Amino acid sequence: MDSSYAVGDLRVSDAEREPVIERLQEAYAEGRLDHDEFDLRMHLAMTAKTRNDLGAVIRDLAPVPSAPVHWDGEAPTGEDRMLAAVSHAVAIPTLFVGPLVLMLVSGKRSGYVRRQAAEAVNFHVTLLLVTIVTFGVGGALYAVAWILSIIAAIFALSGQTFRYPWILRLIK
C-alpha cells in the first residue's frame with residue numbers, strides 16, 4: 001500500500017464541507033459573490049472529492065475576521081477594557097461594593113463593562129454567602145478569590161470575557 005498521498009489529495013467528508021459552505025454563505029451575504037458565482041461555488045463545494053478541490057472553492061475569499069465580537073456588536077474600547085479590569089480588581093478590597101458601583105455608573109455606557117462588573121458582583125456575593133453559611137470557614141476561599149480577580153482583570157484588559165466558575169449569577 002502506498003502511503004505517499006499528500007494531505008490535499010485526501011477525500012473530504014460532509015463535516016469538512018460544512019465550514020466551506022458557511023464561508024460561501026457569508027461571502028454572498030457580504031456581497032463578495034454574485035448569485036451565479038455563489039450557485040457555482042456551492043455546487044463545486046458539494047461535489048468536491050479532495051481537500052484540494054474544496055480549498056480551491058474559497059481560496060480567493062478573505063478569511064473571516066477573528067476579532068472578539070460581543071453581544072452588543074462592538075469590540076470594547078481601551079477605556080471599556082480598563083474599567084472592566086478595574087471592576088474585577090476593586091473587588092479585592094471592597095468585595096462586591098466596588099464592582100456594583102462601577103456597574104451602575106459605567107455599565108449604562110458600555111455593555112462590556114456592565115457584563116464584567118456583574119460577573120465580579122456575582123462572584124463576590126457568592127463568596128460572601130459561602131462564608132456566612134459556613135460560619136466563617138469559607139473565608140479561606142478569599143485567597144483564591146484574589147487570584148481569580150487578578151486573572152479576570154487581565155482577561156478584561158485584553159478584551160476577553162471572563163466567567164468565574166461555580167457561582168450564583170444573581171445579576172444578569
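Worth knowing before you read on, the calculation uses all heavy atoms, side chains too, and leaves out hydrogens, waters and symmetry mates. These numbers come from a predicted model, not from an experiment.
Atoms CE and CG, on M82 and L157 in that order, are 5.5 Å from each other to the nearest 0.5 Å. The line from OG of S13 to CD of E18 is 9.0 Å long, rounded to the nearest 0.5 Å. The CG atom of L44 sits 12.5 Å away from the CD1 atom of I58 when rounded to the nearest 0.5 Å. Of the inter-residue distances, the one linking D14 atom CG with M46 atom CE reads 6.5 Å to the nearest 0.5 angstrom. Taking CG of L95 as the reference point, atom CZ of F123 lies at 10.5 Å (rounded to 0.5 Å). To the nearest 0.5 Å, the span separating OG1 on T134 from CG on L129 amounts to 10.5 Å.
D80 has its side chain within reach of R109: a pair of non-hydrogen atoms, C-beta onward, lies under 4.5 Å apart. The shortest distance between side-chain heavy atoms of D53 and T47 does not fall below 4.5 Å. For the pair L33/M42, no side-chain contact is recorded, criterion being any heavy-atom separation below 4.5 Å from C-beta on. Side-chain contact between S87 and V121 is absent, with no heavy atoms from C-beta onward closer than 4.5 Å. Inter-residue side-chain proximity for L83 and Q116 is flagged as unmet; no heavy-atom pair is nearer than 4.5 Å. Residues I92 and I150 form a side-chain contact, since some pair of their non-hydrogen atoms from C-beta on lies under 4.5 Å apart. The shortest distance between side-chain heavy atoms of V12 and K49 does not fall below 4.5 Å.
Counting all heavy atoms, side chain and backbone alike, G138 lies closest to V130 at CA-CG1, 4.2 Å. What you find for L54 and E16 is that their closest heavy atoms are CD2-O, 3.5 Å. Nearest heavy atom pair, residue H88 against residue A120, reads ND1-CB, 3.8 Å. The shortest non-hydrogen separation linking V57 to A45 is CG2-N, 4.0 Å. Smallest separation of non-hydrogen atoms from A91 and P99: CB-CG, 3.6 Å. When all heavy atoms of Y164 and A152 are compared, the closest pair comes out as OH-CB, 3.4 Å.
Connectivity analysis of hydrophobic side chains (ILVMFWY, heavy atoms under 4.5 Å, direct or indirect) links F135 to nothing; its cluster partners are none.
Look at D60 and R32 and you find no salt bridge, because none of the NZ, NE, NH1 or NH2 atoms lies under 4.0 Å from a carboxylate O. Using a 4.0 Å cut-off between charged side-chain N and carboxylate O, E30 and R23 make a salt bridge.
Under the side-chain hydrogen bond (donor to acceptor under 3.5 Å, both in side chains) criterion, R81 pairs with no residue at all, not counting sequence neighbours. Residues satisfying the ring pair (Phe, Tyr, Trp, His ring centres under 6.0 Å) criterion with F155, sequence neighbours excluded, are F162. For F38, the ring pair (Phe, Tyr, Trp, His ring centres under 6.0 Å) test picks out Y28, with sequence neighbours left out.
Connection of V125 to L168 is established within a shared hydrophobic cluster, with ILVMFWY side chains joined at heavy-atom distances below 4.5 Å, either directly or through further cluster members. Linking ILVMFWY residues whenever their side-chain heavy atoms come closer than 4.5 Å, directly or via other members, leaves M103 and V86 in distinct clusters. Both I132 and V97 are part of a single hydrophobic cluster, where members link through side-chain heavy atoms under 4.5 Å apart. In the hydrophobic clustering of ILVMFWY residues, with side-chain heavy atoms under 4.5 Å counting as a link, I171 and L128 come out together.
Judged purely by distance below 3.5 Å, without hydrogens or angles, the side chains of H35 and D39 pair a donor atom with an acceptor atom.
For the side-chain contact (heavy atoms from CB on, under 4.5 Å) criterion with L127, the lone passing option out of I167, V144, L148, L141 is L141.
Identified under the ring-ring contact (aromatic ring centres under 6.0 Å, His included) test for residues 89-110, with sequence neighbours left out: none. Within the structure, every pair that satisfies the side-chain hydrogen bond (donor to acceptor under 3.5 Å, both in side chains) test and touches residues 119-128, not counting sequence neighbours, is listed here: E119-R169, H124-S149.
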Carefully, step by step, assess R41 and V20 under the rule side-chain contact (heavy atoms from CB on, under 4.5 Å).
-> CA-CA 10 Å; R41 289 186 186 215; V20 173; over 6 Å; no
